[in-house]
Amino acid sequence: MPAGELIFLVDDDDAVRASLHALLETAGYRTAQFESGIDFLESHDVGLGACVLLDVKMPGPDGLEVQRRLNDRGETLPVVILTGHGDIAMAV
């Protein structure tokens, strides 16, 4: 992914979004931040993004449901699922 690419950050935790934004910005990436899966699904332009970082546990549709909805739409945006509360069963 070339520097300057737009990365979508979808996480209900303000601190996580801010931290990821700061980290990615120092590496030369731009971010668009969303606090819920619904906000992302309703307002993003997938053609502008390089990938999406999704929190797996959010109110409303969780990260896995957002990924399912993107797949149902035929969108091929790469998805990275993040969580601070994961376990082996969830990973599998």
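Residues A50 and P78 approach most closely at O-CD, 3.3 Å, considering heavy atoms. Minimum heavy-atom separation, P59 to D12: CD-OD2, 3.4 Å. Residues F8 and G49 come closest through the heavy atom pair CE1-CA, 3.6 Å.
In this structure, the separation between CG on D55 and CG on D62 is 9.0 Å, given to the nearest 0.5 Å. For the atom pair CZ (F40) and CE (M58), the distance works out to 9.5 Å, reported to the nearest 0.5 Å. Taking NZ of K57 as the reference point, atom CG of L82 lies at 14.0 Å (rounded to 0.5 Å). We find the CG-CG distance between L9 and L53 to be 5.5 Å, quoted to the nearest 0.5 Å.
Side chains of L20 and I7 form no contact here, defined as non-hydrogen atoms less than 4.5 Å apart. By the 4.5 Å heavy-atom criterion applied to side chains, L41 and L70 are counted as neighbours. You'll find the side chain of R30 reaches within 4.5 Å of the side chain of L6, heavy atoms only. Contact annotation: the side chain of V66 never approaches that of V52 to less than 4.5 Å [non-hydrogen atoms, C-beta and beyond].
Applying the side-chain contact (heavy atoms from CB on, under 4.5 Å) test to S36 and every residue at least two apart in sequence or in another chain returns I38, D39. With sequence neighbours excluded, the residues forming a side-chain contact (heavy atoms from CB on, under 4.5 Å) with D13 are D11, A15, V16, listed by chain and number. With sequence neighbours excluded, the residues forming a salt bridge (charged side-chain N to carboxylate O under 4.0 Å, His left out) with E65 are R68, R69, listed by chain and number. Annotation: side-chain hydrogen bond (donor to acceptor under 3.5 Å, both in side chains) contacts of D72 (sequence neighbours excluded): none.
Residues V80 and L24 fall within the same hydrophobic cluster, defined by Ile, Leu, Val, Met, Phe, Trp and Tyr side chains chained together at heavy-atom separations under 4.5 Å.
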